[in-house]
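What you are looking at is a predicted structure, and each value in this text was computed from that prediction instead of being measured. Residue numbers count from 1 along this sequence. Read the numbers this way: they start at 1 and go in the same order the structure lists the ligands and their atoms.
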Amino acid sequence: MPGMAKNFWKTDPRDALKAGLTFDLSTLDRNGRPGWAGNKSRGEAYMAARGEELSDLQEKLFAEGRSGGERSVLLVLQGLDTAGKGGIVRHVMGMVDPQGVKLASFGVPTAEERAHHYLWRIEKQLPPAGRIGVFDRSHYEDVLVVRVDELVPEAEWQGRYDEINAWEEKLIAGGTTIVKVALMVSYDEQGARLAERLDRPDKYWKFSPSDITTRSKWPAYQQAYADVFARTSTEKAPWYVVPADRKWYARLAVTEILTQTLESLDLGWPAATFDVAEMQAALAKTNQASV
Ligand code: ADP
């Protein structure tokens, strides 16, 4: 029974995983499970229980949006190939009503997208009021792959960190709560996951030859991620850096961060916009009438 699942969080993952001023990506244990004192099966049981709570909160957010509320939530997912972004979408967001979720994936920009400012395609996918938006990759690719592959001159990407901070601040002021999650897998685990994709015909579709090229630039990506955390983990929109070698832990942690974030919104059910007693009486009358 999920309701019986025991909570083994010893530290709120929002505290345990937040990238603060002293955060050092180079020493992150990517096989770790910060804050969680239980094993995998305990983790899975607790995640299912929290999923029910998350689903309930999501419905309240949706109801609020339907009743004129302007708040929304945006989950930004970043991570290198095989880090498990798809697994978060499937296993965490899969626990809530799909009607309430707006999912957007950002791949290589199209010619039309390239003709616009890099935030143009991102803005088009922002969640409407009442919705949880999920970005599978995001505007952060514009300071990650764009920087590593030198797709624009350095002077241009250097200016983007402050621009992104200001843009996110504007979103927050408009009622969007931003939850930024980076799934950090180790080099060895990424190698093992890519090998599995090449070993199994049911996984070939997940493999792209460019994954090898990206992997060969590992140190440059780690540096680019470290700078993202150093320069865009703000008070209002911090980064949560999640060790991702254990998939169960990453999913458990994101479930908890998201559930806690929604809890902190203090959501309630919207009041009736009609006279309840009057409507009950009117309904009773229709029940008495014979048709
Ligand atoms: P995934 O690999 O996440 O399953 P896709 O293969 O559709 O998804 O696309 C992801 C690729 O798009 C990644 O290699 C990523 O670096 C690239 N990409 C995302 N955003 C940008 C961007 N702004 N500029 C260049 N490449 C980008």
Sub-3.5 Å N/O-N/O distance, Lys85 and ligand 1: no
Ligand 1 contact by Glu113, heavy-atom criterion under 4.0 angstrom: no
When you measure from atom 2 (O) of ligand 1 to the protein, is at least one non-hydrogen atom found at a distance under 4.0 Å? yes
I'd like to know whether the aromatic ring centres of Phe8 and Tyr46 sit less than 6.0 Å apart in this structure. no
Tested for side chain to side chain donor-acceptor pair (under 3.5 Å) against Gln78, the lone hit among Lys180, Glu141, Lys85 is Glu141
Heavy-atom distances under 4.0 Å decide this one: backbone, side chain, both or neither, for His139 against ligand 1? neither
Residue and atom name of the nearest protein heavy atom (relative to atom 26 (N) of ligand 1), distance in Å to one decimal: Val145 CG1, 3.5 Å
For the pair Glu168 and Lys236, find out whether any cationic side-chain nitrogen is under 4.0 Å from an anionic carboxylate oxygen. no
Nearest non-hydrogen protein atom to atom 12 (O) of ligand 1, with distance, is Val108 N, 3.1 Å
Heteroatom proximity flag, Pro109 to ligand 1, N/O under 3.5 Å: no
Step through the shown structure and confirm whether more than 12 heavy atoms of other residues, nucleotides or ligands are within 6.0 Å of CD on Glu263. yes
Between Arg193 and Glu189, does any NZ, NE, NH1 or NH2 come within less than 4.0 Å of an OD or OE carboxylate oxygen? yes
Of all protein heavy atoms, the one nearest atom 10 (C) of ligand 1 is Arg137 NE, 3.4 Å
Validation row, ring centre Trp167 to ring centre Tyr118 under 6.0 Å: no
Which residue and atom name correspond to the protein heavy atom nearest atom 5 (P) of ligand 1, and how close is it? Gly107 CA, 4.6 Å
Among all the protein's non-hydrogen atoms, which is closest to atom 16 (O) of ligand 1, and how far away is it? Glu141 OE1, 3.4 Å
Indicate yes or no: does Asp81 engage Arg137 in a salt bridge with an N to O separation below 4.0 Å. yes
Per-residue contact class, Ser208 against ligand 1 - non-hydrogen pairs under 4.0 Å: neither
Can you tell whether the side chains of Lys217 and Asp149 come within less than 4.0 Å, N to carboxylate O? yes
Answer yes or no: does an N/O atom from Arg121 fall short of 3.5 Å to an N/O atom of ligand 1? yes
Filtering Asp81, Asp142, Asp211, Leu144 for the heavy atom nearest atom 23 (N) of ligand 1 leaves Asp142
Val146, portion touching ligand 1 at heavy-atom distance under 4.0 Å: side chain
Ignoring hydrogens and geometry beyond distance, is a side-chain donor-acceptor pair present between Glu163 and His117 at under 3.5 Å? yes
Treating Arg30 as the side-chain partner and Val185 as the backbone partner, does any N or O pair qualify as donor plus acceptor under 3.5 Å? yes
Within a distance under 4.0 Å of any heavy atom of Leu151, pick out the atoms of ligand 1 and give their elements. 25 (C)
